[in-house]
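Numbering of ligands and ligand atoms starts at 1, following listing order.
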Amino acid sequence: MDNRPIGFFDSGIGGLTCIPTLQKVLPNEKVVYYGDTARTPYGSKAIDTIRRFSYQISDYLVSHDVKMIVIACNTISATCLDALRRRHPQIPIIGVIEPIANRISREESGGVEIGVIGTKATVASGVYANIITGRNKEVKLFSRACPAFVPLIEEGIIDNEIMDLTIKYYLDDFIKNNSLKKLVLGCTHFPFLKQNINRLYPELELLNPSSEVINEVKRILEENDMLAEPSHREHLCFASDLSENFQTMIDNVFEDNREVKVQFKKFEE
Ligand code: DGL
């Protein structure tokens, strides 16, 4: 047993999309979440900058005595996973890309066409392609950076025409020209667009890495006898800008928002 919390972090609200699955699969686990809402988006920034921000946040999570860190951001997972594992060798650090990419490379066969959408940094890293097609030559993988999605989602512009037009701008030709059957939501912000994408492209199957990463968390906690017992401890959520949208998303993703304490935390540049 290990009743310490699990640290999650993202450039903003995207990593919160992991929370509903966590609460379903591992209801006793407590969370310390950090969303860098003042400095989002990360996906178009230089890798050195992303790494510097990630060190500040992961050090802060470790100072809260977390038993494990989940990098609930594809951009940081794609660019900083190894560096973060070297910086904090005492705890397991899980990126959001490996679990889903491993599953796809294991399970897909028959030359299926799969698309990956993500930030510029995630797509430029080639990490999805390296893992998936590096292990399974049958998968036809196509990638597309969609950098305008994250700022719109952080502003809460989701369920409307502006978002639908932006989705069509990025995806209409991408899906048609490559005959895509499946689409990996390769940014933890993108599950917020699930309903829009399902409505616009009803034939397309969406793959959400957040669900897969929670299965990996469960596996590691079980293997190391680190599962938490039931407790009345609070979840802690920090943001570098306490926007109304951050609070709204917290209210939406946690089953009971009375168990969540929200606080402001900003780092010196
Ligand atoms: N949620 C982050 C990801 O998964 C968003 C990146 C960004 O801030 O641009 O990539």
**Prompt:** For atom 9 (O) of ligand 1, what's the nearest protein heavy atom and its distance?
**Reply:** Gly43 N, 2.8 Å
**Item:** Close-contact set for ligand 1 against Asn74 heavy atoms, below 4.0 Å
**Value:** 3 (C), 4 (O), 10 (O)
**Request:** Could you list which atoms of ligand 1 come closer than 4.0 Å to a heavy atom of Thr40?
**Result:** 8 (O)
**Item:** Residues Thr75 and Thr119: side-chain donor-acceptor under 3.5 angstrom
**Value:** yes
**Prompt:** When the aromatic ring centroids of Tyr34 and Phe267 are compared, is their separation below 6.0 Å?
**Reply:** yes
**Message:** Taking 4.0 Å as the limit for heavy-atom contacts, which would you say applies to Thr75 with ligand 1: side chain only, backbone only, both, or neither?
**Reply:** both
**Message:** Checking a contact table here: which protein heavy atom is nearest atom 7 (C) of ligand 1, and how many Å away?
**Reply:** Tyr42 N, 3.2 Å
**Asked** Judged by non-hydrogen atoms, does Cys73 sit under 4.0 Å from ligand 1?
**Response** yes
**Greater than 12 external heavy atoms within 6.0 Å of Asp172's CG** = yes
**Message:** Please report whether ligand 1 has a polar contact with Ser44, defined as an N or O pair separated by less than 3.5 Å (distance criterion only).
**Reply:** no
**Prompt:** Quick one: does ligand 1 sit under 4.0 Å from the side chain of Thr119, the backbone, both or neither, non-hydrogen atoms only?
**Reply:** side chain
**Prompt:** Got a second to check how far Glu154's CD is from His189's NE2, nearest 0.5 Å?
**Reply:** 3.5 Å
**Prompt:** Which one holds for Thr188 and ligand 1: side chain close, backbone close, both close, or neither close, with close meaning a heavy atom under 4.0 Å?
**Reply:** both
**Request:** Look at Arg199 together with Asp164 and state whether they make a salt bridge at an N to O cut-off of under 4.0 Å.
**Result:** yes
**Request:** Would you check the N or O atoms of Gly186, main chain and side chain alike, for any that come under 3.5 Å of an N or O of ligand 1?
**Result:** no
**Request:** Kindly say whether the aromatic ring centers of His235 and Tyr33 come within a distance under 6.0 Å.
**Result:** no
**Message:** Do the side chains of Glu234 and Arg258 get close enough for a salt bridge, i.e. N-O under 4.0 angstrom?
**Reply:** no
**Request:** Return the orientation label for the Phe238 and Tyr60 ring planes: parallel under 30°, perpendicular over 60°, tilted otherwise.
**Result:** perpendicular
**Prompt:** For atom 8 (O) of ligand 1, what is the nearest protein heavy atom, given as residue, atom name and distance?
**Reply:** Ser11 OG, 2.5 Å
**Asked** Hey, which atoms in ligand 1 end up nearer than 4.0 Å to a heavy atom of Asp10?
**Response** 1 (N), 2 (C)
**Asked** Taking all atoms of both residues into account, what is the closest heavy-atom pair of Ala38 and Ser240, and its distance?
**Response** N-OG, 2.9 Å
**Request:** Could you tell me the residue and atom name of the protein heavy atom closest to atom 5 (C) of ligand 1, and the distance to it rounded to 0.1 Å?
**Result:** His189 ND1, 3.3 Å
